[in-house]
Enquirer: 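Quick one: the structure is below, and I'll ask about it shortly.
When a residue number appears, it is its place in the shown sequence, counting from 1. Please read all numbers here as calculations on a predicted model, not as lab measurements.
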Amino acid sequence: MRWTPPNDNGSPIGAYVLECDDGSGDASQFAEVYRGRGKQFTVSKLQSSTCYALRLAACNDVGTR
């Protein structure tokens with residue numbers, strides 16, 4: 001997955017948090033798969049023909065969005 005950094009509004013982004021569900025269809029069960037400053041990450045161990053939900057947050061001194 002690759003993303004474009006959002007506007008930091010004056011507080012530099014310290015890290016991104018990428019979470020992925022288990023592919024069961026219950027998107028309420030997310031697990032963190034990446035935390036870092038990079039703007040791309042390859043999620044491994046995914047099953048073919050399975051629909052996954054991913055969510056990404058940017059963290060800085062103000063909080064997480």
Side-chain angles (χ1 to χ4, degrees):
M1 183 170 165
R2 186 178 323 195
W3 53 90
T4 303
N7 183 349
D8 64 16
N9 291 322
S11 182
I13 295 171
Y16 295 98
V17 178
L18 179 64
E19 297 177 333
C20 181
D21 73 352
D22 62 4
S24 66
D26 180 11
S28 66
Q29 300 297 320
F30 282 90
E32 186 176 306
V33 294
Y34 172 76
R35 179 181 292 265
R37 296 187 63 140
K39 295 174 192 74
Q40 67 181 31
F41 181 75
T42 301
V43 180
S44 59
K45 300 181 183 177
L46 299 178
Q47 300 294 320
S48 61
S49 301
T50 303
C51 183
Y52 293 93
L54 298 165
R55 64 184 181 186
L56 179 69
C59 306
N60 63 15
D61 291 338
V62 177
T64 302
R65 287 245 179 234

Enquirer: Please list all pairs meeting salt bridge (charged side-chain N to carboxylate O under 4.0 Å, His left out) that have one or both residues in residues 31-49, counting only residues at least two apart or in different chains.
Expert: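 Every pair satisfying salt bridge (charged side-chain N to carboxylate O under 4.0 Å, His left out) with a residue in residues 31-49: E32-R35.
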
Enquirer: Once you round to the nearest 0.5 Å, how far does CG of L56 lie from CZ of F41?
Expert: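 Spacing of CG (L56) from CZ (F41) equals 12.0 Å.
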
Enquirer: Provide the closest heavy-atom pair for G38 versus W3 in the form atom of the first, atom of the second, distance.
Expert: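 In terms of heavy atoms, the two residues are closest at O-CZ2, 3.1 Å.
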
Enquirer: State which residues pass side-chain contact (heavy atoms from CB on, under 4.5 Å) with S11; sequence neighbours excluded, sorted by chain then number.
Expert: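 S11 satisfies side-chain contact (heavy atoms from CB on, under 4.5 Å) with N60, D61, V62 once adjacent residues are dropped.
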
Enquirer: What's the shortest heavy-atom distance between C51 and D21, and which atoms?
Expert: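 Smallest heavy-atom distance, with atoms named: O-OD1, 4.5 Å.
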
Enquirer: When rounded to the nearest 0.5 angstrom, what distance separates CG in D22 from CG in L46?
Expert: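 Reported to 0.5 Å precision, the distance equals 11.5 Å.
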
Enquirer: Give me the atom names and distance for the closest heavy-atom approach of A53 to F30.
Expert: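 That would be O-CE2, 3.4 Å.
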
Enquirer: What are the two closest heavy atoms between V17 and C59, and how far apart are they?
Expert: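 For V17 and C59, the tightest heavy-atom pair comes out as CG2-SG, 3.8 Å.
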
Enquirer: Determine whether Y34 and C20 make a side-chain contact, defined as any pair of heavy atoms from C-beta on separated by less than 4.5 Å.
Expert: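 No, every pair of side-chain atoms sits at 4.5 Å or beyond.
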
Enquirer: Quick one: which residue pairs count as a ring-ring contact (aromatic ring centres under 6.0 Å, His included) with a foot in residues 46-65, not counting sequence neighbours?
Expert: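 Counting only pairs at least two positions apart or across chains, no ring-ring contact (aromatic ring centres under 6.0 Å, His included) contact touches residues 46-65.
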
